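Remember, it's a predicted structure, so these values are computed and weren't measured experimentally. Residues: numbered from 1 along the sequence shown.
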Amino acid sequence: MIHHNLLLILALFFVMALLYMLSQRLKISYPIFLVIGGLAISFIPGLPHLNVDPDLVFLIFLPPLLFEAAWYSSWNQLWKWRRSVLSLGFGLVLVTSLAIAYFSLHIIPDFTLALGFMLGGIISPPDAVAATSVLKGMEVPKRGTTILEGESLVNDAASLTVLRFAIATVLTGQFVFQKAAVDFAVLAVMGVFVGLLIAHILYYVLRYWVGSSSITTPITLIAPYLMYIVAEQFHWSGVLAVVSGGLFLSFRSSDFLNYHTRLQTKEVWETVGFLLNGFVFILIGLELPVIIKGLEGYELSEAIYYALVISAMVIVIRIVLVYLSTFIPRWLSKDLREKEKSPGLKLPFIIGWAGMRGVVSLASALAIPLTLSDGTTGFPHRNLILFITFVVILVTLVFQGLTLPLFIRWLKVEEVDDYIPEEEQIEAIRLELAKQSIQYLDANYAVEMSQYETVGRIKEQLQRSVNATESTMNEEDKKKALSSVRGLYRKIMLELVSLRRDGLKKMTQQNQYDDQVLRVMESSLDLEEARLNKV
């Protein structure tokens, strides 16, 4: 039985890779494509059903995905826009959960308030991976992308906390607000404490004991699971433990990562993140027909009606609350109006429309217990909650995901903050580093540069770069010309890399050189091509 499931999982990974490549060619966000692809695959006759253990869903998927999101988040940007991040991360989740709870209580027969809060907690957090995947390559103000990414770190913790208390209420039949508030404060604070404690321990291990990239990368893979399991073992927030620990290690990563380790770790994490995210998105499509078959006591048309109405409600609530959280503080605070430029009406709409649901919502829904505390009675309305969650994910991911680029192009949202474009920042950094390098050469290798032509050329090359950059810093036309020349230079260098690759292949076939030497040269070309593609 195990090898059948393993074969199916490996086949899904292969199909996922093919769908990803196809989505790149069609220029469609890969989460959207994978969901649709999974739905299409599910209708293949005779396809075995992939059983997903609810107890393992959180453990397998959430820790690494949350850790990766925290690792690549900008702490400075998060702190700059903390008001918006926190108001959306906590406020939006709580208001959405409350609204969905009371709304579903009135339209769904035999639905309880606890089940409503559970449903609201599941579908309230947007998915940053889906949003950033859609926004990739689009011109969106930096404030917008920062708020969306930062919100996802906070709202996951808020939504999963709501879900935890709702499930406990269903299982025990009791809910005391005062106790719940105290428990929430304890699990949040202690979750952060556990995450930071483990992060500090790992930091000292990585900085002072580990000197090999072959050890550093596995430790970073183990870290989120360690933080999550330890926190959950004491019934504290594993999500906050992973997020806080990931932010700390990311902030101090320059202390224990060298260039090789950084490259290796980055590639490994990108692969792990893609596989986990992709598998969950394709699982969304695969599971939907199974959930439909499990709808007991409800007509399909009735369940679709509930799901579509709640989907529309979720979309509208988010857009309204984004506008309210953006402008109410500005109306109430003069200092805020003076310190922070108004985003206008377009950017809040884009942030509101980018509230696509995804991985966390699916993981939360699948993690609902199969039975109540007695172990025999089925969990009430479980399949209906799963169905509504799947439809909300499909509607927000496909409908909003496909229309979001259209809105961005139509609205033409402009950067309103004093933000220096990345190209100019890179240019300024290159200039400053080149000047520092010249000063270092003059101070330490003046005699050698005068004696040896090869060493002297290093300074000449740096000086030419400085002169070219300084002469075009304030002239727009020359900037464009320099950019064009650099584009031509990059094109030529990439062609030369390709030419040398072909030469290496011929040498390999002719057996002129040792394989080890050829592999070293191939690795050198890989690094050079990677550098050119990031220029």
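F61 contributes atom CZ, which lies 13.0 Å from atom CG of L66 (distance to the nearest 0.5 angstrom). Considering CD1 of I350 and OG1 of T145, their distance stands at 12.5 Å, rounded to 0.5 Å. Put simply, CD1 on I310 and OG on S104 are 5.5 Å apart, with the number rounded to the nearest 0.5 Å. Expressed to the nearest 0.5 Å, how far CG of D110 lies from CG of L384 amounts to 11.0 Å. Once rounded to the nearest 0.5 Å, the distance linking CZ of F111 with OH of Y102 reads 14.5 Å. With rounding to the nearest 0.5 Å, the separation of CG in L226 from CG in L202 is 6.5 Å.
Using a 4.5 Å heavy-atom threshold, the side chains of L308 and V395 count as touching. Within the 4.5 Å cutoff, the side chain of P64 has no heavy atoms near those of the L221 side chain. Residues V194 and M227 have side chains not in contact (no heavy-atom distance under 4.5 Å, counting atoms from C-beta outward). With contacts defined as side-chain heavy-atom distances shorter than 4.5 Å, the pair L402/L397 does not qualify. Here the side chains of I100 and F117 are not in contact, with every heavy-atom distance at 4.5 Å or above. Under the 4.5 Å side-chain criterion, counting only non-hydrogen atoms from C-beta, F256 is in contact with S253. Side-chain contact between I408 and V413 is absent, with no heavy-atom pair separated by less than 4.5 Å. S311 is not listed as a side-chain neighbour of F399, based on a closest heavy-atom distance of 4.5 Å or more.
Y305 OH: 12 or fewer foreign heavy atoms inside a 6.0 Å radius. For F327, the CZ atom is densely surrounded, since the number of other residues' heavy atoms within 6.0 Å is greater than 12. Annotation: F274, atom CZ; neighbour count of heavy atoms from other residues, nucleotides and ligands within 6.0 Å is above 12.
Heavy-atom minimum distance, A231 versus A241: CB-CB, 3.8 Å. Across all their heavy atoms, P380 and I385 have their closest contact at O-CD1, 4.5 Å. The minimum heavy-atom distance linking G37 with L19 is given by the pair CA-CD1, 3.9 Å. In terms of heavy-atom proximity, Y228 sits nearest to L59 at CD2-CD1, 4.2 Å. Nearest approach of V192 to S244, heavy atoms of both residues: O-OG, 3.4 Å. Nearest heavy-atom pair, A354 versus L404, reported as atom, atom and distance to 0.1 Å: CB-CD2, 4.0 Å.
W269 and F67 have their aromatic ring centers within a separation under 6.0 angstrom. Between F251 and W71, the gap from one ring centroid to the other reaches at least 6.0 Å.
Not a single donor-acceptor pair under 3.5 Å links the side chain of Y323 to the backbone N or O of I328. A donor-acceptor pair under 3.5 Å is formed between the side chain of R357 and the backbone N or O of I123. A side-chain donor-acceptor contact under 3.5 Å links S361 to the backbone of I122. A donor-acceptor pair is defined here as one N or O able to donate and one able to accept, closer than 3.5 Å; such a pair exists between the side chain of K346 and the backbone of L411. Without hydrogens or angle criteria, S23 side chain to Y20 main chain gives a donor-acceptor distance under 3.5 Å. Side chain of R318 to main chain of I351: a donor-acceptor pair is present (N/O by atom type, distance under 3.5 Å, no hydrogens or angles). For the pair T96 (side chain) and V93 (backbone), a donor-acceptor distance under 3.5 Å is absent. Between the side chain of Y204 and the backbone N or O of W209, no donor-acceptor pair lies under 3.5 Å. Listed for the E232 side chain is a donor-acceptor partner under 3.5 Å among the backbone atoms of G238. Formation of a donor-acceptor pair under 3.5 Å by the T146 side chain with backbone atoms of R143 is not found in this model.
A salt bridge does not link R83 with E151: none of the charged nitrogens is closer than 4.0 Å to a carboxylate oxygen.
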- request: Verify side chain to side chain contact (heavy atoms under 4.5 Å, CB included) between M118 and L115, making sure each step is shown before the conclusion.
  value: CA-CA 5 Å; M118 181 189 303; L115 291 172; 4.1 Å; yes
task: Using the side chain to side chain contact (heavy atoms under 4.5 Å, CB included) rule, take V309 and F103 through it: C-alpha gap first, then chi angles, then the decisive distance, then the call.
output: CA-CA 10 Å; V309 171; F103 182 74; 3.3 Å; yes
query: Can you check side chain to side chain contact (heavy atoms under 4.5 Å, CB included) on Q400 and T396, steps first, answer last?
result: CA-CA 5 Å; Q400 289 185 284; T396 56; 3.2 Å; yes
- request: For the pair M190 and F234, evaluate side chain to side chain contact (heavy atoms under 4.5 Å, CB included) and give the outcome as yes or no after the intermediate values.
  value: CA-CA 9 Å; M190 296 307 297; F234 293 97; over 6 Å; no
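No donor-acceptor contact under 3.5 angstrom links the side chains of T220 and T265, judged on distance only.
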